[in-house]
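Worksheet for the structure shown next.
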Number of protein chains: 2
Amino acid sequence: MTVPRVAVTVDLVVLTVREQRLCALVWRRDRPPYAGCWSLPGGFIQLDEDLPVAASRLMAERAGLRDVRIHLEQLATYGYPDRDPRQRVVSVAYLGLAPDLPASSRAQVLWRAVDDLVEREEAAFDHRRILRDGIERARAKLEYTSLAAAFCPPEFTVAELRRVYEIVWGTSLDPRNFHRKVTGADRFLIPTGRTTTRDGGRPARLYRRGDAEQLRPPMLRPRT
Amino acid sequence: MTVPRVAVTVDLVVLTVREQRLCALVWRRDRPPYAGCWSLPGGFIQLDEDLPVAASRLMAERAGLRDVRIHLEQLATYGYPDRDPRQRVVSVAYLGLAPDLPASSRAQVLWRAVDDLVEREEAAFDHRRILRDGIERARAKLEYTSLAAAFCPPEFTVAELRRVYEIVWGTSLDPRNFHRKVTGADRFLIPTGRTTTRDGGRPARLYRRGDAEQLRPPMLRPRT
DNA sequence: GCAAAAGTGTTTCCTTTACACCCATGT
DNA sequence: ACATGGGTGTAAAGGAAACACTTTTGC
């Protein structure tokens with residue numbers, strides 16, 4: 001029996017919060033197929049390369065995010081036969097959550113607000129759907145994990161963390177209840193002892209990420 | 001640039017509850033590699049075949065579960081280079097939840113308790129890890145979705161549904177609070193009007209699955 | 001002093017938990 | 001009658017939501 005072989009790619013949904021919006025890293029395509037559309041950064045895996053290794057390599061090569069600790073997790077795999085018009089490609093998507101960093105120096109790679117990408121701009125391949133799945137995964141994970149801190153710089157205030165939740169979810173949260181909840185969660189936030197007044201008002205304590213993965217009790221999204 | 005191509009398989013983690021235990025459908029290997037070990041049912045995708053279609057096809061061909069409505073969802077993709085000693089294989093795992101049905105007529109395919117598979121018996125390839133991931137996904141999904149009913153026959157009682165939770169989670173649940181919770185959840189259970197005494201005692205109302213996907217509020221696992 | 005944002009206390013509501021108790025059948 | 005499991009009522013505990021209030025800075 002002869003086994004069919006297909007090309008396997010890793011595509012990256014890299015999200016960040018910048019300028020009060022949830023943004024994704026995209027590639028501006030200047031040649032066919034889908035010239036003029038946006039696509040997710042990604043590329044073919046190498047024959048001796050594990051999938052997470054490929055994702056990290058492409059994060060550096062294609063997204064320009066080298067030597068940065070970014071949360072990376074597998075999202076899903078997309079493989080319907082005609083998703084790439086050139087050949088059969090099975091794509092393993094990874095989700096990355098990053099603080100607000102300058103992306104690649106290449107002009108082709110840029111941060112774009114996800115609302116615009118999903119609702120207004122033309123996507124290449126099935127990347128609109130992959131992006132949507134990544135956004136939904138990120139939104140859901142903020143509820144019961146401590147991943148929101150992955151969007152923050154190394155030191156951050158409770159209010160900055162709250163703004164992450166508000167921007168990713170598109171809701172507003174009570175600052176007082178939020179404060180109590182996150183500071184009460186075990187190993188979520190480690191106080192550094194320092195404070196900042198960069199947001200105005202009374203000085204806010206600075207924290208860094210704790211080693212908790214789960215957030216219990218969970219931070220539930222307000223239901224409409 | 002020449003693109004490396006790899007073989008892509010779909011592997012199935014098919015779970016059911018039978019004889020008071022959580023069981024998985026496995027293949028008893030009689031030839032190398034890994035002769036004598038168990039492996040998950042699966043096979044190579046065809047060149048013109050979407051991944052969920054391949055999963056359904058293999059569910060019929062390799063698992064013997066034809067014409068049965070089984071919940072099927074993508075689990076994860078496994079692709080480290082030497083996971084198959086013969087060639088590079090990337091495997092997309094699917095998770096299936098089935099009621100207690102006779103599996104294939106082939107003697108090679110059988111239901112086995114997952115505890116034995118994970119803890120005692122030798123697994124082929126990385127199938128132990130894939131099975132573990134599937135079990136954990138199933139356990140987590142019972143909390144906030146209505147998937148537990150996928151383990152039940154078309155008509156079932158609240159107590160039978162509760163036993164599903166207890167067996168999958170390995171915990172015991174208060175029958176009275178469980179009853180209130182699942183009968184109160186919107187569109188989870190549809191009363192058929194019939195009753196049964198198959199479990200003894202007072203007749204229990206029979207229900208069938210409603211069309212709810214989410215379970216709100218969630219049914220939380222008791223914490224140790 | 002005043003504005004602004006951080007952080008605490010308190011009350012109300014709702015969910016969860018634990019368990020007493022009644023209900024409807026088979027034997 | 002009584003054993004067995006199905007199903008309801010209820011009170012106590014704990015978390016969530018709403019919001020009054022105090023604290024500490026910049027200007």
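Labels below follow one simple rule: chain letters A, B, ... track the order of the sequence lines, proteins then strands, and each chain is numbered from 1. Every value quoted in this text rests on a predicted model; they were computed, and no experiment measured them. The figures here come from the full heavy-atom set of this structure, side chains too, leaving out hydrogens, waters and symmetry mates.
The existence of a salt bridge linking A:Asp115 and A:Arg120 is excluded, since no basic side-chain nitrogen approaches an acidic carboxylate oxygen closer than 4.0 Å.
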Per-nucleotide protein contact along nucleotides 15-21 of chain C, 5' to 3', at a 4.0 Å heavy-atom cut-off (B base, S sugar-phosphate only, - neither), is -SBBBBB

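Chain A approaches DNA chain D over the interval D:dA16 to D:dT25, counting the first and last nucleotide 5' to 3' with an atom under 4.0 Å from its heavy atoms.
Residues forming a side chain to side chain donor-acceptor pair (under 3.5 Å) with A:Thr16 (at least two apart in sequence, or on another chain): none. Every residue two or more places apart in sequence or in another chain was checked for a side-chain contact (heavy atoms from CB on, under 4.5 Å) with B:Glu213, and none qualifies. In this view, A:Arg128 satisfies the side chain to side chain donor-acceptor pair (under 3.5 Å) rule with no residue, not counting sequence neighbours. Contacts of A:Arg208 classified as side chain to side chain donor-acceptor pair (under 3.5 Å), with partners at least two apart in sequence or in another chain: none.
When side chains are defined from C-beta on, B:Ile130 counts as touching B:Val13, because their heavy atoms get closer than 4.5 Å. Residues B:Phe156 and B:Leu189 meet the side-chain proximity criterion, which asks for heavy atoms closer than 4.5 Å. Within the 4.5 Å cutoff, the side chain of B:Leu131 has heavy atoms near those of the B:Leu117 side chain. Between B:Val10 and B:Leu58, some side-chain heavy-atom pair lies under the 4.5 Å cut-off. Side-chain contact check for B:Val158 versus B:Val182: some heavy-atom pair is nearer than 4.5 Å.
Taken residue by residue, residues 157-167 of chain A places no heavy atom nearer than 4.0 Å to DNA chain D. Remark: A:Asp199, A:Gly200, A:Gly201, A:Arg202, A:Pro203, A:Ala204, A:Arg205 in residues 183-206 of chain A come within less than 4.0 Å of DNA chain C through at least one heavy atom.
Stem analysis of DNA chain D (at least three stacked-register Watson-Crick or G-U pairs, each with both distances under 3.5 Å) gives C:1-27 with D:1-27.
A donor-acceptor contact closer than 3.5 angstrom is absent between the side chains of B:Tyr78 and B:Asp11.
Put simply, the side chain of A:Trp27 never gets that close to the backbone of A:Trp38: no donor and acceptor are under 3.5 Å apart.
Neither OP1 nor OP2 of C:dA6 sits under 4.0 Å from any side-chain N or O of A:His179.
Screening residues 193-206 of chain B for salt bridge (charged side-chain N to carboxylate O under 4.0 Å, His left out) gives B:Glu155-B:Arg194, B:Glu160-B:Arg198, B:Arg163-B:Asp199 as the qualifying pairs, with residues at least two apart or on separate chains. Here salt bridge (charged side-chain N to carboxylate O under 4.0 Å, His left out) pairs that include residues 65-76 of chain B, with residues two or more places apart or in two chains, are B:Glu73-B:Arg137, B:Glu73-B:Lys141. Within the structure, ring-ring contact (aromatic ring centres under 6.0 Å, His included) contacts touching residues 176-200 of chain B (residues at least two apart or in different chains) are B:Tyr165-B:Phe178.
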